[in-house]
Amino acid sequence: MDFIELVREFVVQNFLYGDGKELSHDASFLQNRIIDSTGVLELINWVEETFPIRVEDEEVIPENFDSVRSVSNYLESKLATVGKSVCAG
């Protein structure tokens with residue numbers, strides 16, 4: 001699954017009104033004023049509705065939710081953990 005493209009498409013459609021030509025995978029959402037604090041909550045809600053995970057409060061940090069790449073990396077890591085716990089259970 002290509003998380004980078006899924007996350008990028010969500011951000012472009014919901015925060016950049018379809019104009020994502022300038023959005024790089026590493027552009028900071030907060031520093032570039034792409035997403036504000038309310039937008040981060042919307043992004044987290046989308047993650048939880050789209051993927052079989054729950055974002056824990058301590059995981060809501062810039063390292064996980066401040067760029068297309070950071071969200072993609074978070075999803076890869078989190079879903080790998082979920083997969084292991086399902087296999088172990």
Peer 1: What residues form a salt bridge (Lys or Arg N to Asp or Glu O under 4.0 Å) with Glu9, not counting sequence neighbours?
Peer 2: none
Peer 1: Verify, without hydrogens or angle tests, whether Asn64 (side chain) and Val60 (backbone) share a donor-acceptor contact under 3.5 angstrom.
Peer 2: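 A pair under 3.5 Å: no.
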Peer 1: Does atom CD (Glu22) have a neighbourhood of more than 12 heavy atoms from anything else shown, all under 6.0 Å?
Peer 2: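 No, CD of Glu22 has 12 or fewer neighbouring heavy atoms, counting only those of other groups under 6.0 Å.
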Peer 1: Set out, in order, the CA-CA distance, both residues' side-chain angles and the distance that settles side chain to side chain contact (heavy atoms under 4.5 Å, CB included) for Asp36 and Phe15, then state yes or no.
Peer 2: CA-CA 10 Å; Asp36 60 13; Phe15 301 105; 5.9 Å; no
Peer 1: Considering residues, nucleotides and ligands other than Gln31, do more than 12 of their heavy atoms fall under 6.0 Å from its CD?
Peer 2: no
Peer 1: Does the Arg8 side chain pair with the main chain of Gly20, one donor and one acceptor, at a distance under 3.5 Å?
Peer 2: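 Yes; at least one donor-acceptor contact below 3.5 Å.
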Peer 1: Mind listing the side-chain donor-acceptor pairs of residues 37-47 below 3.5 Å, one per line with the distance, residues two or more places apart or on another chain?
Peer 2:
from: Asn45; atom 1: ND2; to: Glu49; atom 2: OE2; distance (Å): 3.3
from: Trp46; atom 1: NE1; to: Thr50; atom 2: OG1; distance (Å): 3.1

Peer 1: Roughly how far, to the nearest 0.5 Å, is the CG atom of Leu16 from the CG atom of Asn32?
Peer 2: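 Going from CG on Asn32 over to CG on Leu16, the span is 10.0 Å.
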Peer 1: What pairs meet the salt bridge (Lys or Arg N to Asp or Glu O under 4.0 Å) rule with one or both residues in residues 59-68, with sequence neighbours excluded?
Peer 2: Glu59-Lys78
Peer 1: Considering residues at least two apart in sequence or located in another chain, which fulfil the salt bridge (Lys or Arg N to Asp or Glu O under 4.0 Å) criterion with Asp19?
Peer 2: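 Applying salt bridge (Lys or Arg N to Asp or Glu O under 4.0 Å) to Asp19 gives Lys21.
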Peer 1: Side-chain contact, heavy-atom cut-off 4.5 Å: Tyr74 with Ile53?
Peer 2: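 SC-SC contact between Tyr74 and Ile53 confirmed.
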Peer 1: Hey, what do you get for CG (Leu75) to OG (Ser70), rounding to the nearest 0.5 Å?
Peer 2: 9.5 Å
Peer 1: Suppose we screen for ring-ring contact (aromatic ring centres under 6.0 Å, His included). Which residues come up paired with Phe29, at least two apart in sequence or across chains?
Peer 2: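 ring-ring contact (aromatic ring centres under 6.0 Å, His included) list for Phe29, sorted by chain: empty.
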Peer 1: Hey, does Phe10 have a side-chain heavy atom less than 4.5 Å from the side chain of Val68?
Peer 2: no
Peer 1: What's the verdict on side chain to side chain contact (heavy atoms under 4.5 Å, CB included) for Val55 and Phe65, showing C-alpha distance, side-chain angles and the deciding distance?
Peer 2: CA-CA 11 Å; Val55 177; Phe65 290 98; 3.9 Å; yes
Peer 1: Could you pull out all residues at least two apart from Glu48 that satisfy salt bridge (Lys or Arg N to Asp or Glu O under 4.0 Å)?
Peer 2: Arg54
